Amino acid sequence: MLRGLTQSLAPIAVCLALTACSKTIAQHAGRMPTTWYAGGPTCNGRPAFRIHEYRPGFFILRQPACTNYEKPFLYLLIGKTRALLLDTGAGGIAVAEPVDSILGAWRASHGGAPRELVVAHSHGHGDHVAGDAQFRNRTGVTLVEKDTASVREFFGFRAWPADIVSLDLGDRVLDVIAIPGHEPAGLAFYDRATAVLLTGDTFYPGRLYVRDTAAFATSTARLVAFTATRPVSAILGTHIEQARTPFTDYPVGTQDQPDEDRLELSRAELVTLDSAVQAMRGRFTRTRLPRFTVWPK
Ligand SMILES: [Zn+2]
C-alpha cells in the first residue's frame with residue numbers, strides 16, 4: 001500500500017483552458033480499486049479499515065460494513081510538515097491504529113516527516129466524528145473540534161462561508177471551501193497535488209440530505225465556480241449508497257452492498273447537481289438523478 005512513496009507532491013497550476021485541464025488531470029490523477037466492497041454484516045475476525053493509496057501521500061480508508069452500515073470513507077493526506085486526517089469514522093473500530101501505522105511507515109521512509117497530524121472533519125455528523133476521542137489530547141496531534149466556531153478559527157475563515165482559505169501541509173496545499181447546507185460546519189477540500197475535490201456528505205453517490213436549502217444551493221454554486229478554473233481529476237465523498245444500476249440506491253441501513261457504485265464523481269456530475277438544485281428555486285423536492293438523489297430533510 002505504500003508503493004511509489006518517492007514520487008513528488010508537486011502542486012499543479014490553475015488551468016485556464018480545457019486542453020490544459022485535461023493534460024494536468026492526466027498527470028495528477030491516481031488509481032482507484034475496481035470495487036470498494038466493504039464486506040457484509042458479520043465481521044470475520046478483527047474488523048479493519050480498507051486502505052488504498054490513491055497517489056503517494058493520498059490515502060483513502062474505508063470503514064468495514066460490519067462495524068457500521070454507514071461504512072464511511074476517510075482521507076489521509078500527507079505533506080512535508082503536516083498530515084491531515086479528514087474524519088474519524090462512525091465508531092466501533094480502532095481508527096488511530098491504521099492512521100498511526102500509515103504515518104509510521106511514511107516517516108520511516110521520509111526522515112521522520114511529517115511531525116504533526118491535523119484531525120479535521122468533512123462535517124460534524126456522528127458517523128464522521130465518532131473516533132475523535134482516539135486523537136484528542138495526543139502529542140503531535142491537533143484535533144479541530146466539529147463545531148462551526150472551531151472550524152472557522154482553525155482554518156482562518158473571516159467571512160463564513162464565502163471565504164476560500166488554504167491549508168499548507170508542506171509542499172502540499174489544500175484549498176478549503178465552506179459548504180454548509182447538509183450540516184452547518186461542512187467543508188470541501190481541494191488537493192492541488194492530485195486535483196481531487198473532497199466533498200463529504202454534500203456530494204457522493206447516494207442520498208444527498210439537504211437540511212438548509214438556501215445554504216446548500218449557495219454551496220453547490222460555490223463548488224461549481226471554484227472548479228471552473230481548476231482541473232478536477234475526481235470528486236470523492238464520504239459514502240456510497242448507490243448501486244451500479246442508475247437511479248437505484250440501497251435502502252437506508254443496508255450493510256451488504258455487493259453491487260455498489262464506484263466512489264468517484266466528475267465535475268460534469270457536480271454541474272448536474274447544481275443545475276438541479278438551482279432549478280428548484282428554494283422549493284426542494286426529492287429528485288433522483290442517475291448516480292445520486294437530492295433529498296431534502
Ligand atoms: Zn455521513
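Given the structure is predicted, the values throughout are model-derived calculations rather than measurements. Just the heavy atoms: all of them, side chains too, but no hydrogens, waters or symmetry mates, feed the values below. Numbering of ligands and ligand atoms starts at 1, following listing order.
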Notebook entry, point to check: Between E183 and H123, is there a donor-acceptor pair closer than 3.5 Å when you use the side chain of the first and the backbone of the second?
Noted result: no

Taking distance alone, no hydrogens or angles, what donor-acceptor pairs closer than 3.5 Å link side-chain atoms of residues 281-289 to residues at least two apart or in another chain?
{"residue": "T287", "atom": "OG1", "partner": "T285", "partner atom": "O", "Å": "2.8"}
{"residue": "R288", "atom": "NH1", "partner": "D249", "partner atom": "OD1", "Å": "3.1"}
{"residue": "R288", "atom": "NH1", "partner": "T293", "partner atom": "OG1", "Å": "3.4"}

Item checked: salt bridge (charged side-chain N to carboxylate O under 4.0 Å, His left out) between K71 and E260, intermediate numbers included -> CA-CA 12 Å; K71 38 191 172 314; E260 68 180 12; 5.7 Å; no

Check: Quick one: how many protein N/O/S atoms are under 2.8 Å away from the Zn ion (ligand 1)?
Finding: 4

Note to self: Hydrogens and angles aside, do R55 and T194 bring a side-chain donor and acceptor to less than 3.5 Å of each other?
What the structure shows: no

Next item on the list: Please list all pairs passing the disulfide (SG to SG under 2.5 Å) test where one or both residues lie in residues 91-179, with sequence neighbours left out.
Entry: none

Margin query: For E153, give me all partners under salt bridge (Lys or Arg N to Asp or Glu O under 4.0 Å), at least two apart in sequence or on another chain.
Written below: none

